[in-house]
Amino acid sequence: IAGMRYSPDGNKPGVPLLIVGSKADKVVCQECIQKTYDEFGGTLAWNQTAGHSLPTDEPTWLSEQISDWVNTTFQNEEQLNDENLLIATK
């Protein structure tokens, strides 16, 4: 319910974003993931079968998404630094 009431504040991060979600997630609705993507942009990757625990349900799929995203978003090592790449976990 909290996610359905989520309203982004309009402040877009100044870093490239990878947003991942699962169509089979029973905790976070697809609309919330889509709303986040619509507001902040970036790259959106959907998994079709994982539940809410995407890293444990589909670790290979997730690692491939992250690897592909990093390789296509950052063309050289100079772009990979603390100023423009933020990896956060919760």
Side-chain angles (χ1 to χ4, degrees):
I1 293 178
M4 294 185 332
R5 288 187 257 162
Y6 169 68
S7 178
D9 63 9
N11 293 324
K12 295 185 179 188
V15 296
L17 298 175
L18 172 62
I19 300 167
V20 294
S22 177
K23 300 277 184 170
D25 191 332
K26 301 296 184 203
V27 177
V28 177
C29 66
Q30 295 175 34
E31 292 81 9
C32 293
I33 302 294
Q34 187 66 48
K35 185 191 296 187
T36 301
Y37 171 72
D38 292 343
E39 182 68 25
F40 297 119
T43 302
L44 176 59
W46 285 109
N47 181 281
Q48 300 300 313
T49 59
H52 183 64
S53 185
L54 193 71
T56 55
D57 292 345
E58 294 284 352
T60 301
W61 179 89
L62 182 58
S63 64
E64 289 170 352
Q65 298 305 307
I66 294 169
S67 177
D68 291 347
W69 177 78
V70 167
N71 289 329
T72 58
T73 302
F74 303 99
Q75 298 300 313
N76 59 55
E77 286 185 35
E78 293 173 6
Q79 292 177 293
L80 290 172
N81 61 51
D82 290 338
E83 292 180 21
N84 61 17
L85 179 61
L86 173 65
I87 298 175
T89 59
K90 290 187 178 184

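These figures come from a predicted structure and were not determined experimentally.
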Q: Provide the closest heavy-atom pair for Phe40 versus Lys12 in the form atom of the first, atom of the second, distance.
A: CD2-CA, 4.0 Å
Q: Could you grab the distance from atom OG of Ser22 to atom CD of Gln30, nearest 0.5 Å is fine?
A: 8.0 Å
**Q.** Point-to-point distance, once rounded to the nearest 0.5 Å, from CG of Leu44 to OG1 of Thr36
**A.** 9.5 Å
Q.
To the closest 0.5 Å, what do you measure between SG (Cys29) and NZ (Lys23)?
A. 11.5 Å
Q. Given side chains that start at C-beta, do those of Trp61 and Leu54 come closer than 4.5 Å, heavy atoms only?
A. yes
Q.
For a quick test of reading the model, state the closest non-hydrogen atom pair linking Asp57 to His52 and the distance between them.
A. OD2-N, 4.1 Å
**Q.** Minimal non-hydrogen separation, Phe74 against Pro16, with atom names
**A.** CZ-CG, 3.8 Å
Q. Taking all atoms of both residues into account, what is the closest heavy-atom pair of Ala24 and Ala50, and its distance?
A. CB-O, 3.2 Å
Q) Does Val70 offer a backbone N or O that forms a donor-acceptor pair with the side chain of Thr73 under 3.5 Å? A) no
Q) Can you tell me how far CG of Leu18 sits from CG of Leu62, rounded to the nearest 0.5 angstrom? A) 8.0 Å
Q) Ile19 and Ile33: side chain to side chain contact (heavy atoms under 4.5 Å, CB included), yes or no, with the steps? A) CA-CA 8 Å; Ile19 300 167; Ile33 302 294; 4.0 Å; yes
